[in-house]
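What you see is a predicted model, and the numbers here were worked out from it, not measured in a lab.
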Amino acid sequence: MQKTGQPTINDVARIAGVSKKTVSRVINRSPLLGDETRARVEAVIGDLGYIPNPQARALALRRNFLIGLVHDNPNAQTVMNVQQGMLEALRGTEFEMVVRPLDRGSPTMLDDLRHFLERQRLFGVLLMPPVCENDSVAQLCDAIGCRYVRMGSVTLDTPEHMVASNDREAVRGATEYLLSQGHRRIGLIAGPHGFRSARERRLGFEDALAEAGVALPRSMIADGNYTFDSGVTAGERLLDVMPRPTAVFACNDEMAAGVIHAARQRGLDVPRDLSIIGFDDTPIAAHIWPPLTTVRWPIASMARSAALKLISGGAEEDDGGDTVEEPSLFLSTLIRRASVAPVA
């Protein structure tokens with residue numbers, strides 16, 4: 001094919017018979033395209049010798065090729081898992097990631113977020129819980145024209161703006177497993193107030209007990225804040241109750257590890273004297289002794305899907321190209337390890 005001057009994305013789109021959006025998706029290795037469309041565009045790119053110019057495209061779009069991660073989460077491992085999933089999605093594309101912690105309790109939180117989004121001119125932003133649970137945050141992103149996806153334990157938005165897990169159902173199943181092992185005095189270490197994940201997990205726990213006709217005295221509930229130290233403190237409180245629980249469900253693995261520590265300090269054996277289940281399936285769950293039974297939260301997969309939604313501009317296509325929609329719902333599953341045994 002005769003080449004005249006420096007080819008542009010418009011030339012690629014015209015010759016391939018697709019939109020500029022589709023060409024951009026091919027460049028950024030989006031999975032939202034079928035093989036035939038991708039192969040056709042890649043062939044034209046190779047034939048023309050087209051080389052993308054991110055700086056020129058950013059200037060034209062009035063956006064940088066940056067995907068933001070906004071969070072206010074006390075669990076560093078959770079934030080790291082989200083970053084891992086996002087980086088997996090962005091690998092080999094023009095996009096980079098920028099991370100911004102926020103204080104959701106600050107009276108200037110929305111102003112701080114607006115300043116960050118406008119200063120960085122983000123292509124899109126992933127909003128982690130609990131920041132994402134504030135509808136005003138999503139409305140702000142809409143108002144300034146910044147793509148966003150919310151990550152949560154329950155669906156809060158339309159599919160193009162949401163990746164969610166089934167925390168309530170997953171915890172109900174984990175609690176039913178404890179009940180099947182004969183446990184009736186089951187303690188709960190709840191997550192921090194103001195987190196939707198903590199609410200959903202507690203509801204799942206209560207659902208299972210109510211269905212089994214098992215009472216949940218207030219003395220069998222201790223509050224935590226998703227950290228190891230809070231798990232130790234909450235575990236000590238539950239183990240002071242007489243008669244003490246034979247099992248504990250903790251709303252994340254860090255707190256569950258804290259309960260194991262508290263039990264060991266009292267000379268209790270896990271799981272012979274106390275069965276324990278956590279939530280997340282972070283590395284600590286497999287590395288502590290005994291290995292922790294836990295609910296595997298597919299957070300890295302959720303983050304990967306969220307980033308792909310952002311860089312692809314959603315699943316819709318404007319030129320009839322074949323697309324595959326990124327999922328919005330991810331199911332958590334119970335991972336059975338050695339920290340649970342039948343009640344003695």
Side-chain angles (χ1 to χ4, degrees), residues 28-30 54-55 58 61-106 108-134 136-153 156-157 161-165 191-192 194-197 225-228 252-254 280 282-284 297-313 326 330:
N28 290 306
R29 302 183 184 181
S30 168
Q55 290 78 20
L61 291 170
R62 297 184 180 180
R63 286 284 184 271
N64 290 318
F65 285 88
L66 295 175
I67 299 296
L69 171 61
V70 171
H71 73 90
D72 178 9
N73 196 295
N75 192 320
Q77 184 64 57
T78 297
V79 178
M80 288 176 61
N81 288 347
V82 171
Q83 292 181 51
Q84 174 190 335
M86 293 180 68
L87 289 172
E88 183 180 322
L90 302 182
R91 188 176 298 121
T93 73
E94 300 171 285
F95 292 90
E96 301 292 345
M97 181 177 66
V98 57
V99 181
R100 177 66 157 86
L102 282 181
D103 178 3
R104 65 192 173 96
S106 169
T108 64
M109 189 267 287
L110 287 177
D111 289 336
D112 294 341
L113 177 59
R114 176 187 288 274
H115 183 58
F116 167 67
L117 297 177
E118 292 180 339
R119 183 179 70 251
Q120 297 294 336
R121 296 193 304 163
L122 298 180
F123 192 88
V125 62
L126 171 57
L127 305 170
M128 278 185 65
V131 171
C132 72
E133 295 159 5
N134 185 338
S136 297
V137 171
Q139 292 163 5
L140 171 62
C141 292
D142 257 342
I144 64 177
C146 181
R147 292 181 177 90
Y148 72 89
V149 173
R150 304 161 81 174
M151 170 183 289
S153 298
L156 302 169
D157 213 317
H161 292 302
M162 192 73 221
V163 288
S165 55
F195 278 59
R196 186 63 180 266
S197 61
N225 65 2
Y226 284 163
T227 64
F228 175 85
N252 80 340
D253 291 344
E254 289 281 340
D280 284 340
T282 53
I284 192 174
W297 190 27
I299 188 169
S301 297
M302 292 168 66
R304 178 180 180 274
S305 180
L308 290 173
K309 286 175 183 280
L310 290 169
I311 66 177
S312 301
E326 275 295 310
F330 293 78

List the atom of [X], the atom of [Y], and the distance in Å for their closest heavy-atom pair.
X	Y	answer
His161	Tyr148	ND1-O, 2.9 Å
Ala138	Arg150	CB-NH1, 3.9 Å
Met86	Leu126	SD-CD2, 3.5 Å
Leu140	Leu110	CD2-O, 3.5 Å
Met128	Thr78	CE-CG2, 3.9 Å
Ala303	Val82	CB-O, 3.3 Å

Any [X] side-chain heavy atom under 4.5 Å of [Y] side chain:
X	Y	answer
Phe195	Pro129	no
Cys141	Arg147	no
Phe330	Ser305	yes
Ser165	Met302	yes
Asp280	Ile299	no
Asp103	Met109	no
Arg100	Leu113	no
Cys132	Val137	no

Self-check item: Ser312 (side chain) donor-acceptor with Leu308 (main chain) under 3.5 angstrom
Solution: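 Confirmed, Ser312 side chain pairs with Leu308 backbone.
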
Quiz item: Short question: side chain of Asp72, backbone of Arg104 - any donor-acceptor pair under 3.5 Å?
Solution: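 Between the backbone of Arg104 and the side chain of Asp72 there is a qualifying donor-acceptor contact (under 3.5 Å).
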
Quiz prompt | Evaluation steps, side chain to side chain contact (heavy atoms under 4.5 Å, CB included), between Leu69 and Val98 | solution = CA-CA 6 Å; Leu69 171 61; Val98 57; over 6 Å; no

Quiz item: Does a donor on one side chain and an acceptor on the other come within less than 3.5 Å for Thr282 and Asp253?
Solution: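 Yes - a donor-acceptor pair under 3.5 Å links their side chains.
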
Quiz item: Any chance the side chains of Ser197 and Tyr226 put a donor and an acceptor closer than 3.5 Å?
Solution: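 On atom types as modelled, these side chains qualify, holding a pair under 3.5 Å.
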
Quiz item: Rounded to the nearest 0.5 Å, how far apart are CD1 of Ile144 and CG of Leu122?
Solution: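 Ile144 atom CD1 to Leu122 atom CG measures 8.0 Å (nearest 0.5 Å).
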
Self-check item: Gap separating the CG atom of Asn75 from the CG atom of Asn81, nearest 0.5 angstrom
Solution: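 Interatomic distance, Asn75 CG to Asn81 CG, rounded to 0.5 Å: 8.5 Å.
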
Self-check item: Step-by-step side chain to side chain contact (heavy atoms under 4.5 Å, CB included) determination, Val149 to Leu127
Solution: CA-CA 6 Å; Val149 173; Leu127 305 170; over 6 Å; no

Exercise. Mind jotting down which residue pairs meet the salt bridge (Lys or Arg N to Asp or Glu O under 4.0 Å) criterion with at least one end in residues 125-134? Sequence neighbours excluded, please.
Key: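 Applying salt bridge (Lys or Arg N to Asp or Glu O under 4.0 Å) to every pair that reaches into residues 125-134, excluding sequence neighbours, yields nothing.
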
Practice problem: From the options His115, Arg121, Arg114, select the one residue that forms a side-chain contact (heavy atoms from CB on, under 4.5 Å) with Glu118. | Solution: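 With Glu118 as partner, His115, Arg121, Arg114 yield a single side-chain contact (heavy atoms from CB on, under 4.5 Å), made by Arg114.
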
Exercise. With side chain to side chain contact (heavy atoms under 4.5 Å, CB included) as the test, would you mind laying out the steps for Ile67 and Ile311 before giving the verdict?
Key: CA-CA 8 Å; Ile67 299 296; Ile311 66 177; 3.9 Å; yes

Quiz item: Going by an N to O cut-off under 4.0 Å, is there a salt bridge joining Lys309 and Glu326?
Solution: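 No, no charged N to carboxylate O under 4.0 Å.
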
Exercise. Would you please classify the geometry between the Phe123 ring and the Phe65 ring as parallel, tilted or perpendicular, with 30° and 60° separating the classes?
Key: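 Answer is parallel, since the angle falls under 30°.
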
Quiz item: Who pairs with Ser106 by side-chain hydrogen bond (donor to acceptor under 3.5 Å, both in side chains), at least two apart in sequence or on another chain?
Solution: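 So Ser106 forms a side-chain hydrogen bond (donor to acceptor under 3.5 Å, both in side chains) with Thr108.
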
Practice problem: Output all residues satisfying salt bridge (Lys or Arg N to Asp or Glu O under 4.0 Å) with Glu96, sequence neighbours left out; order by chain, then residue number. | Solution: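 If we apply the salt bridge (Lys or Arg N to Asp or Glu O under 4.0 Å) test to Glu96, skipping adjacent residues, there are no hits.
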
Practice problem: Could you please spell out the steps behind the side chain to side chain contact (heavy atoms under 4.5 Å, CB included) verdict for Val70 and Phe116? | Solution: CA-CA 10 Å; Val70 171; Phe116 167 67; 4.0 Å; yes

